[in-house]
Amino acid sequence: MNEAAVISIQRDQLHWLTKEQAWHYRVLPVAKTADSFELYCEAEADTDTLRDELEMLFGITVSFVPIPAEQLARLLSTHYLRDQGTKAGLDVEALRENGDFLLTLIGEAKNLKSSDIHIEIYEFKCRVRIRIDGQMIERYRLSQDEYPALVNKIKILANLDIAERRLPQDGRISFNHGGHQFDIRVSVLPTLHGEKVVLRLLNNDATNIDLNALGFSEFDLNSYLQGVKRPNGILLISGPTGSGKTTTLYATLKLLNKETRNILTIEDPVEYTLEGINQVQLKETIGLTFAAALRTFLRQDPDVIMVGEIRDTETANMAIRAALTGHLVLSTIHTNSAWGIVSRLSDMGVPPFLVANTLNTAVAQRLVRLICPHCKNKELFDEALYPRQFKPWAKVEEHYTAKGCEQCFYTGYKGRKAVYEIIPIDQELAAEIKKENIDVQQLLAERGIKTLAENAFNLFKEGLTTMEEIYPLLFNY
């Protein structure tokens, strides 16, 4: 068996070996019956001696499937994390294919499409976690002896002060992996036992971002494109941090990026680079704020302006001014729903008549994890799993539960899909905004506009996700 071969170890197999047995003998379970036990072992292992010891230990016939030592080390670290106080929960040396653990770690995270790497130290252990599909997954354990050297190396690469251990620091690393250049945003935070480091992997390549692949239904995509094609006004996308708002905006900019348009953006940070678009990095320490950039943008003869986020009254007023003077403005804002954008702008001091005259499309967005197709398990559905007082739009008799396997790092989920709520602002809705009417559900329903909860429920009904994943979206409906 070569290293490229996929090895699947089910969760219910793990109890066949204790953590100590797995690491001491460097074996992993394959299959077990009443009188035989098949195990993975290192290809270079002395199987005769190992068989004698394990047959004496288990009292049954033992056989082996040899695999490369590096692959076995990774699987041991994934399935049998060592307890605190051990030298290392990961055979770090086995992963240093290029002689550098940090480079190997970043390369692995990039291949797994991870967004962040967390390197942390505690009283008895050091660990490395990566975020995949929004979920934190512990991957490696490091020794406390090598932790300071790893942190110092990151600091040097990010041009940070290695002597400063009392204050937070922020930096940036330019990294090349497989011929692709991307940036890594570095954040160092002093904690009780040492410095915690978070590496944010920024994907500079926006060529593969496509509105059609983000999760829009046909109806929602048409509604969204109507707002994008309007020559002026504000298109706002709301949602919490990490809900995919920026990706949607970049996909929109890619669609709008023509030789006949002058497009300007102010961002914090610039996560993707798009040829043909003038992108500006926010630098508040020198006075380059969202509002300051917008003032200058209006003197740059723009057609389309993208503001990374509307955070304050000054930025909101400048965005309104840009929209009133005939520009299309794209931005994000933090609210819980699409219609909540109206209230948020009012809270920032924007008069309702200006909101009504400039807001052309209000969007709410969330990311929902998709259930892993390799290990999903079909079961009869019990309506007691719904949030209290929730009334479903359709009857569900069967559903899938997230079991967990090696393919999904035992989370039960693999990949994510965006869920949208899109409200094109027409004359009737604009009139309701001027009257400061927040109860517009009937008007939205008449237009066929589906809420976040309805679109998320449809994903569940189609067997693409679980009730646990969409539960927070259903709770308020």
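The structure displayed is predicted, hence computed values, not measured ones. By convention here, the first residue in the shown sequence is residue 1.
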K.L.:
List, one per line, each side-chain donor-acceptor pair under 3.5 Å for residues 157-168, sequence neighbours excluded.
P.N.:
from: D161; atom 1: OD1; to: A163; atom 2: N; distance (Å): 2.9
from: E164; atom 1: OE2; to: R166; atom 2: N; distance (Å): 2.8
from: E164; atom 1: OE2; to: L167; atom 2: N; distance (Å): 3.2

K.L.:
Will you find, in the side chains of S238 and Q365, an N or O donor that is under 3.5 Å from an N or O acceptor?
P.N.:
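Judged by distance alone, the side chains do not pair up.
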K.L.:
When you compare the side chain of S346 with that of S343, does any pair of heavy atoms fall below 4.5 Å?
P.N.:
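With C-beta onward as the side chain, the pair stays apart.
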K.L.:
From F216 CZ over to N455 CG, what is the distance, rounded to the nearest 0.5 angstrom?
P.N.:
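So the CZ of F216 and the CG of N455 are separated by 10.5 Å.
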K.L.:
Are I263 and L253 close enough, and set up right, to give a side-chain contact (heavy atoms from CB on, under 4.5 Å), and what steps lead you there?
P.N.:
CA-CA 8 Å; I263 302 177; L253 289 176; 3.8 Å; yes
K.L.:
Is there any salt bridge (charged side-chain N to carboxylate O under 4.0 Å, His left out) pair reaching into residues 306-315, and which pairs are they, with sequence neighbours excluded?
P.N.:
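Sorted pair list: D268-R311, E284-R311, R295-E314, E309-R311.
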K.L.:
Treating Q144 as the side-chain partner and Y122 as the backbone partner, does any N or O pair qualify as donor plus acceptor under 3.5 Å?
P.N.:
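Yes; at least one donor-acceptor contact below 3.5 Å.
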K.L.:
Within this structure, what is the CE-CZ distance for the pair M136 and R129, rounded to the nearest 0.5 Å?
P.N.:
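M136 CE to R129 CZ: 3.5 Å, rounded to 0.5 Å.
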K.L.:
Are any side-chain N or O atoms of R344 and backbone N or O atoms of I333, one a donor and one an acceptor, separated by less than 3.5 Å?
P.N.:
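Answer holds: no.
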K.L.:
First locate atom CZ of F182, then atom CD1 of I184, and finally report the distance between them rounded to the nearest 0.5 Å.
P.N.:
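Separation between the atoms: 4.5 Å.
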K.L.:
In terms of ring plane angle, is the pair Y140 and F101 parallel, tilted or perpendicular, where the classes change at 30° and 60°?
P.N.:
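Answer is perpendicular, since the angle exceeds 60°.
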K.L.:
Looking at Y147 and I119, would you say the former's side chain and the latter's main chain have a donor-acceptor pair under 3.5 Å?
P.N.:
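Yes: the side chain of Y147 pairs with the backbone of I119.
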K.L.:
Applying side chain to side chain contact (heavy atoms under 4.5 Å, CB included) between L225 and each of T252, D220, L255, report the one that passes.
P.N.:
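It is L255; the other options fail the test.
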K.L.:
Measuring from atom CD of Q226 to atom OG1 of T361, what distance do you get when rounded to the nearest 0.5 angstrom?
P.N.:
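Going from CD on Q226 over to OG1 on T361, the span is 8.0 Å.
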K.L.:
Main chain of Q300, side chain of N262: is a donor-acceptor contact present, judged purely on distance under 3.5 Å?
P.N.:
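Yes; at least one donor-acceptor contact below 3.5 Å.
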K.L.:
Is there any ring-ring contact (aromatic ring centres under 6.0 Å, His included) pair reaching into residues 351-385, and which pairs are they, with sequence neighbours excluded?
P.N.:
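Only F381-Y386, F381-H399, F381-F460 qualify under ring-ring contact (aromatic ring centres under 6.0 Å, His included).
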K.L.:
Quick one: do the Y413 and T466 side chains pair a donor with an acceptor below 3.5 Å?
P.N.:
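Indeed, the side chains of Y413 and T466 share at least one donor-acceptor pair under 3.5 Å.
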K.L.:
Taking R447 first and then E428, would you say they form a salt bridge - that is, a charged N and a carboxylate O separated by under 4.0 Å?
P.N.:
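Here R447 pairs with E428 in a salt bridge, since their nearest N and O are under 4.0 Å apart.
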